[in-house]
2 protein chains.
Amino acid sequence: MPERQSSRKDAIRNREAVLAAADALFTRRESPEDVTMTDVAAAAGVGKGTLFRAFGNRAGLLRALYEARLEPIRQAVETGPPPLGPATPPRDRVPALLDAILCFKLDNRRLALALEEGGSSSPYQAEHYERWHSLLRAVLEQIPGLTDSDFTTHALLAATRADLVEHLAGEERIPREKMRAQLANFATRVLASGPLQGLTSEE
Amino acid sequence: MPERQSSRKDAIRNREAVLAAADALFTRRESPEDVTMTDVAAAAGVGKGTLFRAFGNRAGLLRALYEARLEPIRQAVETGPPPLGPATPPRDRVPALLDAILCFKLDNRRLALALEEGGSSSPYQAEHYERWHSLLRAVLEQIPGLTDSDFTTHALLAATRADLVEHLAGEERIPREKMRAQLANFATRVLASGPLQGLTSEE
DNA sequence: ATAGAATCCGGACCCTAGGTCCGCTTAGAC
DNA sequence: GTCTAAGCGGACCTAGGGTCCGGATTCTAT
């Protein structure tokens with residue numbers, strides 16, 4: 001667990017340099033997998049030992065980058081104004097949250113891709129997925145008549161998977177605004193199931 | 001492209017042996033990634049050269065296994081009786097198709113996992129995904145009032161992603177029947193948007 | 001200021017796993 | 001039987017993630 005902060009200023013400077021270099025590399029290069037750790041170290045003007053001591057491993061570096069980029073959104077969701085903040089009525093907040101996630105992944109395609117496929121273990125063991133899931137689920141549960149909130153949350157989040165977004169934006173050339181509209185439409189449809197009762201799956 | 005059939009019987013025998021060995025290994029071992037190509041070759045009593053000549057690369061082997069397992073379902077979907085076959089009314093066929101996919105992934109967890117994450121490129125470039133997508137989409141388009149069929153299809157299929165299924169079955173310990181019910185419920189909710197007009201995203 | 005300790009630096013090195021190569025073997029045709 | 005094209009298999013190559021350790025740097029106490 002090499003994640004604790006260091007106080008030495010060269011360590012801090014190097015950490016920043018690595019973050020910046022990795023950031024640049026991931027946005028520049030086509031595919032995440034041809035950004036090697038050696039590349040990152042070289043671009044940051046730092047040795048591999050330094051890189052690995054600071055972040056543990058590849059996944060650690062990705063996570064650090066991801067969290068940093070995600071911070072503003074986390075703020076907006078937790079303590080911000082509507083439509084993202086807690087004061088928003090659930091039926092409006094769900095599409096807004098999904099939209100925020102989608103936009104984030106559109107703006108950080110390579111990075112999100114690298115983190116989600118990243119190998120090792122599924123994205124479902126990542127902490128940040130867990131956070132989104134429990135938040136979204138809590139919001140869903142405030143909507144009356146909505147069942148299977150756990151599964152529904154997973155299914156909604158699955159529609160924003162990085163590789164799907166990448167495919168839609170890259171291969172199918174779907175413009176950003178259209179994709180956002182489609183996702184919002186989809187989410188709304190899922191929520192708008194007032195009249196449907198009795199379909200509930202039982203325990 | 002080393003995919004063409006050989007007529008020599010030793011080649012055929014070896015191909016079968018590899019397929020069988022790989023199948024056994026993938027179901028036995030915990031995680032797909034600790035089944036190495038060398039393992040497979042050894043278990044099949046065959047050299048690595050043979051293995052790679054027969055299947056090209058790791059993805060090729062996975063694909064071959066996957067297609068073989070998928071064959072019966074493909075049959076049932078293309079020319080079988082309802083609820084999977086073409087004679088089924090669209091509103092019933094969509095959940096049935098998704099259910100078939102879900103069951104398949106539940107029955108072939110490791111394999112589906114290995115193929116979908118498999119690294120290299122996203123599952124969205126795989127031929128079999130393309131097949132499912134166009135089929136499902138065609139069915140969706142027969143439902144009046146349903147818009148964004150392309151995106152909706154992607155979103156529905158995303159709910160059956162191998163790693164999500166694995167997570168639900170493995171970590172969350174959701175029983176098979178419950179998961180099937182939840183997916184069916186979800187699909188039905190998505191389709192049951194008759195009253196909703198005007199939400200359509202415009203070109 | 002300076003010595004000493006703790007920490008950090010960095011690149012040579014290791015290991016694993018996918019993939020290739022090539023001399024030897026074998027199936028099948030004549 | 002023999003000739004040949006195809007197949008065989010394991011030694012070998014390579015790339016990239018991760019480790020190691022001698023030397024440099026920073027912080028602290030005096």
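Letters A, B, ... mirror the listed sequences (proteins, then strands); counts begin at 1.
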Derivation of the side chain to side chain contact (heavy atoms under 4.5 Å, CB included) call for A:T160 and A:F104: CA-CA 10 Å; A:T160 70; A:F104 178 76; over 6 Å; no
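Considering only side-chain atoms of A:D10, the nucleotide from C:dG19, D:dG17, D:dT26 that sits closest is D:dT26. Which of C:dC9, D:dC27, D:dA11 sits closest to the side chain of A:A11 comes down to C:dC9.
Each of A:V46 and B:G49 lies near DNA chain C, and the nucleotide nearest A:V46 is the one positioned closer to the 5' end. Residue whose closest nucleotide on DNA chain D sits further toward the 5' end, between A:T36 and B:R8: B:R8. Remark on DNA chain D: of its neighbouring residues A:K48 and B:G45, the 5'-side contact belongs to B:G45, judged by nearest-heavy-atom nucleotide. When each of B:T38 and B:K9 is assigned the nucleotide of DNA chain C with its nearest heavy atom, B:T38 is the one assigned upstream, toward the 5' end.
A:T50 has a side-chain polar atom (N or O) that falls below the 4.0 Å cut-off from OP1 or OP2 of C:dG10. In terms of phosphate contacts, A:N14 brings no side-chain nitrogen or oxygen within less than 4.0 Å of OP1 or OP2 of C:dC8. Taking side-chain N and O atoms only, B:R58 has no distance below 4.0 Å to OP1 or OP2 of C:dG19.
Using modelled atom types, one side-chain atom of B:R91 and one backbone atom of B:L191 make a donor-acceptor pair closer than 3.5 Å.
Between B:Y129 and B:H154, the ring-plane angle classifies as parallel under the 30° and 60° cut-offs.
By the 6.0 Å contact criterion, CD on B:E71 is enclosed, its count of non-hydrogen atoms from other residues, nucleotides or ligands being greater than 12.
To the nearest angstrom, P of D:dG16 lies 18 Å from CD of B:E33. Separating the CZ atom of A:F52 from the C1' atom of D:dG17 is a distance of 5 Å, rounded to the nearest angstrom. The interatomic distance linking B:R53 (CZ) with D:dC8 (P) rounds to 6 Å, in whole Å. Residue A:L62 contributes atom CG, which lies 11 Å from atom P of D:dG17 at whole-angstrom precision. Going from atom CZ of A:R13 over to atom C1' of C:dC9 covers 10 Å, rounded to whole Å. Across the protein-nucleic acid pair, A:L51 atom CG and D:dT19 atom P stand 12 Å apart, rounded to whole Å. We find that CZ of A:F55 is positioned 16 Å from C1' of D:dG17, with the value rounded to whole Å. A:I12 places its CD1 atom 15 Å from the C1' atom of C:dC9, with the value rounded to the nearest Å.
Annotation: the span from B:L70 atom CG to B:Y66 atom OH amounts to 6.0 Å, rounded to 0.5 Å.
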